[in-house]
Engineer: 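One structure, pasted below without further comment.
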Amino acid sequence: MNEKVLPKLTGHLQIWEELGFQGKDPFSFGNWFLSAPQLFELLDGIRGPAEFFERLGFLRNLTYQSYNFHHQLKHALSLKAERDARARAGDL
């Protein structure tokens, strides 16, 4: 690690703590390899860091073996919306 990388990592960890995630490992989500278009699609509609991590957690183990990130994300979010609507209606 060189003198340019360490301050950036320290800065990221400080931001992590400011967001209230100091008790959580910032690397506990495993390795996510996303292209820029995939990341932008994942961020679509996100209103804050907590919602972003909630979405990552929801999608973490989700796979339909389609190898199509865009289709899987759309389907997963529709299932989540349906589940949330049922919970609000008291069906769960």
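Note that the coordinates shown come from a computational prediction; the quantities given were computed from them, not determined experimentally.
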Engineer: Can you tell me how far apart NZ (Lys74) and NE2 (His70) are? Round to the nearest 0.5 Å.
Structural biologist: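 Spacing of NZ (Lys74) from NE2 (His70) equals 12.0 Å.
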Engineer: Which distance, rounded to the nearest 0.5 Å, do you find between the CD1 of Ile46 and the CZ of Phe53?
Structural biologist: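 One finds 10.5 Å between CD1 of Ile46 and CZ of Phe53.
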Engineer: Give the minimum heavy-atom separation between Leu42 and Leu56, together with the two atoms involved.
Structural biologist: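 Heavy atoms only, the tightest pair is CD2-CD2, 3.8 Å.
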Engineer: State, yes or no, whether a side-chain contact exists between Gln38 and Glu41 at a heavy-atom distance under 4.5 Å.
Structural biologist: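 With C-beta onward as the side chain, the pair stays apart.
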Engineer: Search all heavy atoms of Asp44 against all heavy atoms of Arg55 and return the closest pair with its distance.
Structural biologist: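 Closest approach of Asp44 to Arg55, heavy atoms only: O-NH1, 3.0 Å.
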Engineer: Taking only Lys NZ, Arg NE, NH1 and NH2, and the carboxylate oxygens of Asp or Glu, determine whether Asp84 and Lys80 approach each other closer than 4.0 Å.
Structural biologist: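 Between Lys80 and Asp84 there is a salt bridge, with a charged N closer than 4.0 Å to a carboxylate O.
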